[in-house]
Structure formats: C-alpha cells, structure tokens
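Note sheet for the following structure.
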Amino acid sequence: MSKKKSKWKSIGRTVILIVISLIIGLKLYNWNAKTLAGNEMPMPFGWGVSVVLSGSMEPALSVDDLVIVHEQSSYETDDIVVYQDGGSLVVHRIISIDGDEVITQGDANNIADDSISLSDIKGKAVANIPFAGAAVRFLKSSTGFVLILVAAILLFELPYMRERKKATDEQEKIKEEIRRLKGE
C-alpha cells in the first residue's frame, strides 16, 4: 500500500474517532444533565438541539425535524421556542407575553398551552434540519449507542487484525524458506 493511501486512511480513522468521541461525550453530558439536574435539554454555550416529536407545529415544523435552539435575552410574540414542561420538551410558538408569563400554542393546535414562565424557555428555534431528528433519536437510543461503540471498536481493531495476519503470513513464509534451505 502506498504511503499516501496509508496516510489518508490514518486521517480518516482519526476523524471518525473524533466524531465518535464527540457523540459519546455528548451522550454522557446529556445523561448527567438529565439524571442529576432534571434538565432535558442542556444548553452548552447557549446552544442546543431538540427533535420535533409531534405534528403540533405543522406546517412550520414536522415530526423528526431537528431544531437548532439558541438562548435569547428576550423573546417576542411569534417566536418559536423550546421549553421544558416537566420531563419533556415542547416546541411551540409564543402567542402572547405578559410580563414574566408566556402563552404558547402549536400552529396546528386549536387551543393555547397553559401559561409558562419566561425562565422555563430554553431558547428560540433559529434553524431546523428536516428529518435529521430521526437520526439523532436513533443515536440517542441504547441500540444506536451500542452500534457507535461497536463501530469504534471495529474501526480500530480491523486494520490491526489485518496487519497481524500479514505479519504472521510473512513469518510463516520466512520459516518455510528457512526449512527449505536447511533441507528439511
């Protein structure tokens, strides 16, 4: 194998390792935030993501859209926001603000939500990626996490297994040549 090809494989493995490490690190960070603090959506550096789980915001947001959320210093009527309601996150539009009290409603819903406090709002939806939420939900699942770990192990073990086999084959060839030269 050429040095150039080997170098690119090494770079590729490193990039994949970094991505897998980030996913595992974020999974642990989120688990700690949920378990220890009851925070369903930690917002490191004021940013977070949420997956749309229902059609209450159709047509603006669909099920399995990934919503990018940014903390704001203030919110306005018509902003789509994410807030924590007990143990779940809600992505709805602000329909009125009265001091510290906020009323939200899903675009496809006929009835407004119960009022919430401004402090309950995690942030404003600043972007969404259609259908990317399905992948995020899978990666956050136990099955997805196990598959990531297996992929990481295979990613690093398979090349070394090939190298060991190649080295063993070469040793056997050398041993065979020595036996041949000895006349055995």
Side-chain angles (χ1 to χ4, degrees), residues 14-152 155:
T14 302
V15 167
I16 292 171
L17 176 64
I18 290 169
V19 169
I20 289 171
S21 297
L22 284 172
I23 290 170
I24 291 170
L26 286 171
K27 175 96 171 162
L28 291 172
Y29 176 79
N30 283 333
W31 179 81
N32 280 330
K34 288 177 184 177
T35 305
L36 301 177
N39 185 355
E40 289 297 318
M41 190 170 98
M43 300 276 291
F45 310 111
W47 291 89
V49 294
S50 182
V51 177
V52 177
L53 299 175
S54 77
S56 67
M57 283 300 295
E58 291 282 353
L61 298 171
S62 300
V63 173
D64 283 337
D65 282 0
L66 182 69
V67 178
I68 312 293
V69 181
H70 188 255
E71 244 175 349
Q72 306 288 307
S73 57
S74 64
Y75 298 94
E76 299 176 7
T77 302
D78 209 38
D79 284 348
I80 296 175
V81 295
V82 177
Y83 65 91
Q84 186 168 335
D85 183 20
S88 55
L89 297 172
V90 179
V91 182
H92 279 173
R93 190 178 304 277
I94 295 176
I95 58 171
S96 73
I97 301 175
D98 184 15
D100 188 42
E101 186 176 283
V102 178
I103 306 288
T104 62
Q105 181 175 340
D107 290 356
N109 294 350
N110 295 328
I111 301 170
D113 304 328
D114 292 334
S115 66
I116 59 168
S117 171
L118 266 173
S119 62
D120 293 332
I121 297 175
K122 296 288 191 178
K124 177 181 175 180
V126 293
N128 74 300
I129 305 168
F131 310 112
V136 170
R137 282 192 310 129
F138 176 73
L139 291 174
K140 290 172 97 175
S141 72
S142 298
T143 304
F145 188 67
V146 168
L147 285 176
I148 288 170
L149 289 175
V150 168
L155 179 69

> To the nearest 0.5 Å, how far apart are CD1 in Ile95 and CG in Asp79?
Replying inline: 13.5 Å

>> Quick check on side-chain contact (heavy atoms from CB on, under 4.5 Å): which of Leu66, Asn128, Val67 does Val49 satisfy it with?
In response: Leu66

>> Within the 4.5 Å heavy-atom criterion, are Gln84 and Asp120 side-chain neighbours or not?
In response: no

> At what distance, to the nearest 0.5 angstrom, does CG of Asp98 lie from CG of Leu118?
Replying inline: 10.5 Å

> Which pairs count as side chain to side chain donor-acceptor pair (under 3.5 Å) when at least one residue sits in residues 129-138, sequence neighbours excluded?
Replying inline: Asp64-Arg137

> Could you give all pairs that pass the ring-ring contact (aromatic ring centres under 6.0 Å, His included) test and reach residues 74-130, with sequence neighbours left out?
Replying inline: none

> Does a side-chain heavy-atom distance below 4.5 Å link Asp85 with Ile116?
Replying inline: no

> For Met57 and Gly106, which heavy atoms make the closest approach, and how far apart are they?
Replying inline: SD-CA, 3.6 Å

> What distance do Asn110 atom CG and Gln105 atom CD have between them, rounded to the nearest 0.5 Å?
Replying inline: 7.5 Å

>> I need the Asp113 CG to Ser56 OG distance, nearest 0.5 Å.
In response: 8.0 Å

> Between Ala60 and Ile80, what is the shortest heavy-atom contact and its length?
Replying inline: CB-CD1, 4.4 Å

>> Show the nearest heavy-atom pair for residues Gly55 and Val63, with the distance to one decimal.
In response: N-CG2, 3.7 Å

>> Nearest 0.5 Å, please: how far is CG in Leu61 from CG in Leu53?
In response: 11.5 Å

> Judged by modelled atom types alone, do Ser117 and Asp100 share a side-chain donor-acceptor pair under 3.5 Å?
Replying inline: yes

>> For the CG atom on Leu22, are there more than 12 heavy atoms of other groups (residues, nucleotides or ligands in this structure) within a distance under 6.0 Å?
In response: yes

> Given Thr143 and Ser141, is the side-chain hydrogen bond (donor to acceptor under 3.5 Å, both in side chains) satisfied, shown in steps?
Replying inline: CA-CA 5 Å; Thr143 304; Ser141 72; 4.7 Å; no

> Atom CD1 of Ile94 and atom CD of Glu76: how far apart are they, to the nearest 0.5 Å?
Replying inline: 9.0 Å

